[in-house]
Amino acid sequence: MIALALLFPALAGNVYLNGVRADVLPEVTLTNTTVRIDAEGNVWIDAPGYRVQVVSPTEYARPAAVPTPPPEASGASRVAQGTWWLVTEDNGSTGQALDLLVNGALVRRINSGDPQMILDVGPWLQPGANTILVNPAPGAQPGGGALNVYIGRGSNLSGTIRLDNPDVVYTRRASDSGGARQFTLTVP
């Protein structure tokens, strides 16, 4: 009974796999992982070598014509995984919701209050010029501090991502009234 009592606080939180909220997972066995439970009962699983992505986001109706990530069968050359990264930083923002699109495909919705996001964006990139669009979601009412989005070449050092000089830097503050911002990211 004592063992069960210790599990109840963990059930109150969420499950995160490589920084991505993953409360609903298929049956899976992960090897070479580190698991920690924080004070709020969130379970954090660090699993180097595994990629996690949200297949059907609940907050955004993705058009059926734009698959995420783009299919490999298209014949287009893709960028190697583990080279280009998205990293978010939330400095106390509230009410923000940003849609991140790469080459027209929705990669993710970034919300105020979400844990820091670290995501390999290689599957959405191709060699040459890539269009990155950061678009505030309709109806979002930003407040508080800034929400930052960084994309750039980086390295994965045993589960810690290092971006030396991000190629894309997007900052949204409560006082910003502008709409979408587009970047061109050139991948060698």
Side-chain angles (χ1 to χ4, degrees), residues 6-26 28 30 32-60 62 68-69 81-102 105-124 132-137 139-164 166-174 176 181:
L6 293 175
L7 291 176
F8 285 115
L11 296 175
N14 299 303
V15 175
Y16 296 91
L17 180 55
N18 292 341
V20 176
R21 187 169 171 179
D23 291 329
V24 179
L25 289 172
V28 64
L30 303 170
N32 299 321
T33 62
T34 303
V35 177
R36 69 180 169 84
I37 301 172
D38 63 22
E40 288 81 38
N42 295 310
V43 177
W44 296 87
I45 304 169
D46 295 318
Y50 293 91
R51 186 176 83 182
V52 181
Q53 65 189 82
V54 175
V55 176
S56 56
T58 58
E59 296 180 27
Y60 189 89
R62 183 174 60 245
T68 302
Q81 290 183 290
T83 306
W84 292 88
W85 297 92
L86 158 74
V87 177
T88 63
E89 178 185 33
D90 190 347
N91 294 306
S93 71
T94 60
Q96 300 233 32
L98 305 171
D99 291 332
L100 175 75
L101 292 95
V102 175
L106 175 68
V107 172
R108 202 50 155 312
R109 175 165 281 185
I110 302 163
N111 294 301
S112 292
D114 283 351
Q116 181 179 40
M117 183 183 308
I118 300 172
L119 179 69
D120 180 356
V121 292
W124 289 272
I132 310 293
L133 179 67
V134 184
N135 190 19
Q141 305 213 351
L147 182 57
N148 299 301
V149 176
Y150 307 101
I151 299 176
R153 184 181 292 230
S155 53
N156 184 346
L157 307 170
S158 300
T160 301
I161 303 303
R162 179 177 175 176
L163 294 181
D164 289 325
D167 296 270
V168 172
V169 177
Y170 177 89
T171 300
R172 176 104 173 146
R173 296 174 188 83
D176 294 339
R181 183 155 175 218

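- L86 is listed as a side-chain neighbour of V149, based on a closest heavy-atom distance under 4.5 Å.
- Across I110 and M117, no two heavy atoms sit closer than the pair CG1-CE, 4.0 Å.
- Legend: residues meeting side-chain contact (heavy atoms from CB on, under 4.5 Å) with V168, ordered by chain and number and at least two apart, are I132, I151, F183.
- Counting non-hydrogen atoms of neighbouring residues, nucleotides and ligands closer than 6.0 angstrom, the CD atom of Q141 reaches no more than 12 such neighbours.
- Among all heavy-atom pairs drawn from Q116 and V87, the shortest one is NE2-CG1, 3.4 Å.
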- Assess whether side chain to side chain contact (heavy atoms under 4.5 Å, CB included) is satisfied between D120 and W85, documenting all intermediate values. CA-CA 5 Å; D120 180 356; W85 297 92; 3.6 Å; yes
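- Partners of D90 according to the side-chain contact (heavy atoms from CB on, under 4.5 Å) rule, which considers only residues two or more places apart in sequence or in another chain, are S93, S112, L147.
- Taking CG of L101 as the reference point, atom CZ of R109 lies at 10.5 Å (rounded to 0.5 Å).
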- Residues L100, Y170; criterion side chain to side chain contact (heavy atoms under 4.5 Å, CB included); working and verdict: CA-CA 11 Å; L100 175 75; Y170 177 89; over 6 Å; no
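- Contact record, Y150 with E89: OH-OE1, 2.8 Å, taken as the closest heavy-atom pair.
- Partners of R162 by salt bridge (Lys or Arg N to Asp or Glu O under 4.0 Å), not counting sequence neighbours, listed by chain and number: D164.
- The two residues T88 and P115 come nearest to each other via the heavy atoms OG1-O, 4.3 Å.
- Nearest approach of Q96 to A174, heavy atoms of both residues: NE2-N, 4.4 Å.
- For the residue pair A146 and T171, the shortest heavy atom distance occurs at CB-CG2, 3.8 Å.
- Atoms CG and OG1, on N111 and T94 in that order, are 12.0 Å from each other to the nearest 0.5 Å.
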